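Have a look at the structure below, then the notes.
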Amino acid sequence: MCMTCGCGNPYHFRHPSGAQASSAGAERFVEIEADVLGRNQETAERNRARLATDGVLALNLVSSPGSGKTSLLVETLMRLAPDHPVAVIEGDQQTRFDAERIEATGVTALQINTGKACHLDARQIEKALAQIAMPPAGYLFIENVGNLICPAGFDLGEKRKVVVLSVTEGEDKPLKYPDMFAASDLMLLNKVDLLPHLCFDVARCCDYARRVKPAIRIILTSAVSGEGLDEWLAWLEAERSALPKGLRPSGAPP
Amino acid sequence: MHEFSLAEEVAAIVERHAKAQDLIRVNVLTLSVGSLTCIECEALCFALDVVLRNTVAAGAELRIEPIAARARCPQCGNEQEIEERYAPCLQCGTFGLQILSGEELRVKSIVGIEASELPRRPGCA
């Protein structure tokens with residue numbers, strides 16, 4: 001509904017103010033047809049090209065708050081970091097808590113506080129990439145702000161989005177927030193060690209996720225019991241191996 | 001509230017085009033919004049109100065042209081209008097339809113006034 005006149009037209013949001021209405025001179029129509037997210041997309045493509053040149057596998061981890069992303073990441077780094085170059089970019093509205101948890105594993109972490117914003121954008125990642133010494137032929141994990149809506153629309157330049165859904169959240173999340181699941185290539189169904197205590201239907205949850213994205217890969221994980229972590233690490237290795245080899249700097253591990 | 005980030009992008013696009021076209025005022029701003037975008041139009045309007053306040057488009061009329069979501073079935077090729085992203089094919093029940101439209105978010109056009117078209121005060125050269 002129009003906020004100025006209340007005219008009831010659902011697509012009319014504001015009438016011109018008096019000053020505009022009385023302005024003299026001929027009006028000129030200018031066709032623009034510009035994608036509102038075009039600038040973010042251009043920056044994301046620059047990030048992607050840079051990461052590809054360095055042979056870095058960049059992943060954008062997305063989820064609602066409290067899905068266990070950081071705990072899962074900490075467990076992943078403890079297994080991955082001894083043998084591979086790894087860096088982490090942490091996105092949160094406030095605090096350095098998550099970056100401190102990551103740094104405790106010995107991995108470089110850069111914290112971005114988004115303040116009023118509910119998502120990371122490609123420009124923040126571009127700035128972050130200029131600050132961290134990203135080791136070639138390694139992994140870059142970008143832990144997005146906990147939010148199942150907004151980060152879906154902002155490409156950061158990652159190779160894959162990985163959505164983390166915990167079994168404490170309810171199996172209908174993929175249908176309630178379809179954009180995020182449609183944008184992701186892998187779903188980590190997390191905290192499965194709690195399944196004996198919950199009425200969570202794993203098969204239904206997976207069915208809902210595949211309705212939104214039939215090709216989505218699903219791995220059941222637990223940072224507490226370690227279930228699924230080997231499969232997740234194998235997926236990571238396969239994704240990194242699939243990066244174009246010609247772009248890798250010489251001397252970097254295969 | 002990603003509408004604020006989007007409004008800032010809209011404002012940047014409008015200002016860039018207004019400057020290129022030598023417009024000193026923008027009276028109408030038209031956006032195309034696909035029905036599958038996660039955008040609350042009233043929130044976007046509120047955000048635009050704030051971010052356009054000190055620009056050439058301050059107080060401009062905002063028009064939103066909706067774009068219906070259409071999708072094609074990867075199995076039988078049927079094309080249909082959809083309400084949700086996870087809608088199944090109406091012909092064969094397959095999930096995972098290929099989205100053809102409905103994800104757009106574009107600044108479609110502006111209507112403005114050129115610098116030279118403003119009435120001059122008497123006595124001014």
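In what follows, chains are A, B, ... by sequence order, proteins preceding strands, each numbered from 1. Keep in mind it's a predicted model, so treat the numbers as computed, not measured. Note: hydrogens, waters and symmetry copies are ignored here, and every other heavy atom, side chains too, is used.
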Quick one, B:Asn27 with A:Glu27, criterion side chain to side chain contact (heavy atoms under 4.5 Å, CB included). Give me CA distance, side-chain angles, the key distance, then yes/no. CA-CA 8 Å; B:Asn27 287 345; A:Glu27 286 191 325; 2.7 Å; yes
For atom CD of B:Glu83, is the number of surrounding heavy atoms from other residues, nucleotides or ligands below 6.0 Å larger than 12? no
Under a 4.5 Å cutoff for heavy-atom pairs, which residue among A:Leu175, A:Leu37, A:Val212 has the most contacts with chain B? A:Leu175
From CG (A:Asp35) to CD (B:Glu103), nearest 0.5 Å: 11.0 Å
Give a yes or no answer on whether the side chain of A:Arg39 reaches the backbone of B:Ala12 with a donor-acceptor pair at less than 3.5 Å. no
B:Thr37 side, atom OG1; A:Asp179 side, atom CG - distance, nearest 0.5 Å: 8.5 Å
Please round to the nearest 0.5 Å and tell me the distance separating atom CD of A:Glu31 and atom NE2 of B:His17. 10.5 Å
Need one label for B:Leu44: side chain, backbone, both or neither, based on atoms under 4.5 Å from any heavy atom in chain A. neither
Can you confirm whether B:Glu84 sits close enough to A:Pro178 that some side-chain heavy atom of one is under 4.5 Å from a side-chain heavy atom of the other? no
Taking atom NE2 of B:His2 and atom CG of A:Asp121, what is their separation to the nearest 0.5 Å? 13.0 Å
Sort by residue number and list every member of residues 161-171 of chain A having a non-hydrogen atom under 4.5 Å from chain B. none
I need the A:Ile149 CD1 to B:Cys38 SG distance, nearest 0.5 Å. 6.5 Å
Might you point out which heavy atoms bring B:Gly96 and A:Pro214 nearest each other, and give the distance in Å? CA-CG, 3.4 Å
Mind ranking B:Leu36, B:Ile13, B:Val33, B:Val10 by heavy-atom pairs under 4.5 Å with chain A and telling me who comes out on top? B:Ile13
Most heavy-atom pairs under 4.5 angstrom with chain A, which of B:Val107, B:Ile99, B:Val14? B:Val107
Kindly check if the number of other-residue, nucleotide or ligand heavy atoms within 6.0 Å of CD (B:Gln75) is above 12? no
Hey, what do you get for CD1 (A:Ile32) to CD (B:Gln21), rounding to the nearest 0.5 Å? 8.0 Å
Between A:Tyr208 and chain B, with a heavy-atom cut-off of 4.5 Å, which part of the residue counts as in contact: side chain, backbone, both or neither? neither
Closest non-hydrogen atom pair between A:Arg210 and B:Phe95, with its separation: O-CB, 4.5 Å
Indicate yes or no: does B:Lys108 engage A:Glu33 in a salt bridge with an N to O separation below 4.0 Å. yes
